[in-house]
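The sequence lines fix the lettering, A, B, ..., with proteins before strands; numbering per chain opens at 1.
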Amino acid sequence: MKDLMADYYKQGAEAKEKGIPVAWVTAVFPVEIIYAAGLFPFYPENFGAVASARKMADKLSSFAEAKGYAHDLCAYARCGLGDAHSKEHPVGEIVKPDLLLCCNTQCGSLSKWFEVAARFYEAPYFLLDAPQIGMEADDLCKKYYTAQLKELIAFLESFTGKKFDYDRLREVMAHANEACRLWNAILETAALKPAPFGFFDACFHMAPIVTWRGMPQAVNYYRTLQEELQNRIQNNVYAIKDERYKLYFDHIPLWPKLRWFSEICASHHALVAVSQYTHSWAYSFDLEHPLESLAENYTEEFVNRVFDYRIQRKMQLMERYNVDGFILFSNRSCKPNAFGLYDKKNIISSITGLPGVVFEADMSDLRFFSEAQVLARLESFFEQLESA
Amino acid sequence: MNNKEIIEIFKGAAARPDEQAEYWKKEQESKVIGFMLTDVPEELIHAAGFLPYAVNAEEGRLEFADAHLQTWACSFTRNCLASAVQGKLSFLDGIVIPQTCDTTRMLMGIWKHTNPLPFMENYRLPRQVDRPSAREYLRGELERLKKSLENFGGSEIKEAELAASISLYNSNRGLMRQLYAMHVENPQLLSGKELFLIIKAAMVMPREKVNSLLKQLLNHLKNKGVSHVKGNKIRLLISGTLLEPLELLDYIAEAGGVIVGDDFKNGSRYLECDVSEDKEPLEALVDRQVNRIPSALFDPKKGLRKTYLVDLARQKRANGVLFLHLKFCEPENYDYYDNMQAMEKYGIPAMRIETAYGGLPQGQLQTRIYAFMEMLGGGDAD
Ligand code: SF4
Ligand code: SF4
């Protein structure tokens, strides 16, 4: 995995050298189009996550804060903006964009950050705008998104000077289908009891499905991983020792405290088995109708859905993985996923009878993390779990 | 009524907006539909026969929202939700929440579960306006909202009714812009705080009544006839998302400032951009939305916000720009650095102060405003 990502970043640098345009993209952007257009997609969110895992988010953020950006903006954005405004690059310099492509299903923080970055790097910017969808699929939004995909393709054609190749798009989408299928089959192994694989493993292995979806590399990567998991199952190798409980977790992990967090859970024999976060990439494209199908898959995901849909989604996953409790992370960086969690916890507990807890911190920035407070919350949750 | 009395009516309505709604319900036997700022096409609500009512700073106690919304949400949404939780909005028959940021995008679900209302809709405005897809989508979204209002009201909104509402709102905006100009020319007659209180009141009163009061008020003020600013005034452009608390306008006046322009949602963004009366009404509403003045929502390519602010400052001959930013408002904060750079580049003195609904020690606010005004050379108080 380390090698794979190192390879990916190397490719970024090489793309620059070879004159392949680097397109900044967001995690839930139809990257299939970018690969089909022959551009190199770079994920600044991933840069933020890597910086956070290396406990460098606070430092990068301080460079952005010195320019007047508030410390309550999404930390990924602060990492990116901090890197832009500083000569120090504690996690290596971000790959600069030749163009920026953003989809705002996930959040509006990304589109503001990309706007700012587009001004900073003086590169063209395109927003794929996705209005929020309610409980039912929404024709108006689907049409809007599809129309914008056409506008995007025209934008890329004029940028690259090349005609867009729809056959290549279908090829890329077929790879993406296979990678998504494999990825979700891998995630499913966490439902076994005991399980060879859990959420923290998923976080570790997630990068290719985000960044390399649509390329054969992702397919190969997950084939190998799947085989490895089969071996683990045959040899009785499990994710944690003596698994007694399964948990649901929302949403992004606490990057700089990932190990700390996973050890606490493991010490209570609880496997964090599932999260909507890692399940975000479950696309299944219809190659006969590529654009409509991209529109459907990308806009109808939970990230673009209302409160009630998100509750339903969480409960479905809880049921499918047969969990005994749930932990919800009120992540200061991520307003769209944090706002509403207090009520969601109460609603889910009252419907399912499962114990749950909400804790406060920031996915990247340790200034908003109080170990004692989080620990106290978790301990009382585990007491509840163990006495249930 | 003299001008003081009219201003008092507006002040009363701004202080007790709920009374306006209650009165309307009794008088008209009709419903009140709340809306949050900004950009909600009130004309549609009005044409459906309801009173459009701006939910904005009901003097709620923020902590009432804490069980539902994190304390690091902006104080505007916390304030709105807190008012609902406290039962201070119990007269509302419905609400329309515009999706302008991640917070407003998530608010509806929380509101629905804590304080369900018979009519609850999002206004999902597009976040880009430069491409043809935006117009087409927006048309569909407005049709959706219209239909939803019709279902709730039990009758169709006729084209002529919508046209009449558009015309009423246009004249409302026009009158308020005249009032604004009056303040700039003559802050001694109408203070900045009075101006913004009138805007606030106008958002919760029946607009027919507002218009008739505004006409009278404008007549009075014109008759007073003084048309030049007394003393040396600092001409100030203020910029931000929502202007609150309005007391800060008093501090500006005390330090010899006059507000010559702004881009707040409860200020000029509300007053600018009329809807064409020569077009089919829904198309005209689409036009208005795509042509609104820039804000922190997103950057339209045809006019960046920083450029707009620089131009506005020059056009209004502002001596300085005061950014009044609501703490925890992400969109606004993302724009700050670029806006500030633009001001520096064009030699326009500028400063930022963070504000909050219901919060912030007033003394501190006052000191900072005085300091900025001092830096601009100081002016004469009224
Ligand atoms: S962490 Fe949340 S706010 Fe930040 S980029 Fe991701 S979805 Fe957006
Ligand atoms: S003030 Fe800012 S954060 Fe709050 S609702 Fe408005 S745009 Fe969103």
Please examine the side chains of A:Glu151 and B:Pro132, heavy atoms only from C-beta on, and report whether any two atoms are closer than 4.5 Å.
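A side-chain contact under 4.5 Å exists here.
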Return the minimal non-hydrogen interatomic distance between [X] and [Y], and the atom names on each side.
| X | Y | result |
| --- | --- | --- |
| B:Gln128 | A:Leu127 | CB-CD2, 4.3 Å |
| A:Cys74 | B:Tyr334 | N-OH, 4.1 Å |
| A:Pro336 | B:Met106 | O-SD, 3.4 Å |
| B:Trp72 | A:Ser330 | CZ2-OG, 3.4 Å |
| A:Leu140 | B:Glu141 | CD2-N, 3.6 Å |
| B:Arg105 | A:Thr105 | NH2-O, 3.1 Å |

More than 12 heavy atoms of other residues, nucleotides or ligands under 6.0 Å from [atom1] of [X]: yes or no?
| X | atom1 | result |
| --- | --- | --- |
| A:Glu65 | CD | yes |
| B:Lys301 | NZ | yes |
| B:Glu280 | CD | yes |
| A:Arg377 | CZ | no |

Dump the intermediate steps for side-chain contact (heavy atoms from CB on, under 4.5 Å) on B:Phe298 and A:Glu115, then the final yes or no.
CA-CA 8 Å; B:Phe298 56 81; A:Glu115 262 181 18; 3.4 Å; yes
Less than 4.5 Å to any heavy atom of chain A: does that hold for the side chain of [X], its backbone, both, or neither?
| X | value |
| --- | --- |
| B:Thr114 | side chain |
| B:Tyr336 | side chain |
| B:Leu297 | backbone |

Charged N to carboxylate O below 4.0 Å: is that the case for A:Lys112 and B:Glu330?
no
Could you tell me whether A:Lys67 and B:Asp338 make a salt bridge, using a distance below 4.0 angstrom between a side-chain N and a carboxylate O?
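Salt bridge absent between A:Lys67 and B:Asp338.
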Do you know which of [options] has the most heavy-atom pairs with chain B at a distance under 4.5 angstrom?
| options | answer |
| --- | --- |
| A:Thr146, A:Asn304, A:Asp139 | A:Asn304 |
| A:Val116, A:Leu73, A:Leu81, A:Ile311 | A:Leu73 |
| A:Ala64, A:Ala147, A:Ala77, A:Cys107 | A:Cys107 |

Answer yes or no: is there a donor N or O on one side and an acceptor on the other, between the side chain of B:Arg127 and the main chain of A:Leu128, under 3.5 Å?
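Not confirmed, B:Arg127 side chain does not pair with A:Leu128 backbone.
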Atom pair [atom1]/[atom2] of [X] and [Y] - distance to nearest 0.5 Å:
| X | Y | atom1 | atom2 | answer |
| --- | --- | --- | --- | --- |
| A:Phe307 | B:Leu107 | CZ | CG | 10.5 Å |
| B:Thr71 | A:Arg332 | OG1 | CZ | 6.5 Å |
| B:Asp66 | A:Tyr342 | CG | OH | 8.0 Å |
| B:Met108 | A:Gln132 | CE | CD | 9.5 Å |

Assess whether side-chain contact (heavy atoms from CB on, under 4.5 Å) is satisfied between B:Asp102 and A:Phe339, documenting all intermediate values.
CA-CA 9 Å; B:Asp102 290 338; A:Phe339 289 167; over 6 Å; no
Name the option with the most non-hydrogen atom pairs under 4.5 Å to chain A; the candidates are B:Asp335, B:Asn333, B:Asn122, B:Ile110.
B:Asn333
Which one, B:Gln70, B:Arg124, B:Lys306, B:Glu143, leads in non-hydrogen pairs under 4.5 Å with chain A?
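If we count pairs closer than 4.5 Å to chain A, B:Gln70 comes out on top.
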Please tell me whether B:His68 and A:Asp343 have a donor and an acceptor in their side chains that are separated by less than 3.5 angstrom.
yes
Scan side-chain atoms only and decide if B:His113 and A:Asn346 contain a donor-acceptor pair under the 3.5 Å cut-off.
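Result is no, nothing qualifies.
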Is NZ or CZ of B:Arg131 both nearer than 6.0 Å to the six-membered ring centre of A:Phe126 and within 45° of the ring axis?
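Yes.
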Side chain to side chain donor-acceptor pair (under 3.5 Å), that's the test. Do A:Gln148 and B:Ser133 meet it? Break it down for me.
CA-CA 6 Å; A:Gln148 290 180 85; B:Ser133 58; 4.7 Å; no
What part of A:Asp308 gets closer than 4.5 Å to chain B, counting heavy atoms only: side chain, backbone, both or neither?
side chain
Sort A:Asn104 into side chain, backbone, both or neither according to what part of it lies under 4.5 angstrom from a heavy atom of chain B.
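Both backbone and side chain.
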Ring geometry between B:Tyr337 and A:His85 (parallel below 30°, tilted from 30 to 60°, perpendicular above 60°)
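Judged by the thresholds at 30° and 60°, the geometry between A:His85 and B:Tyr337 is perpendicular.
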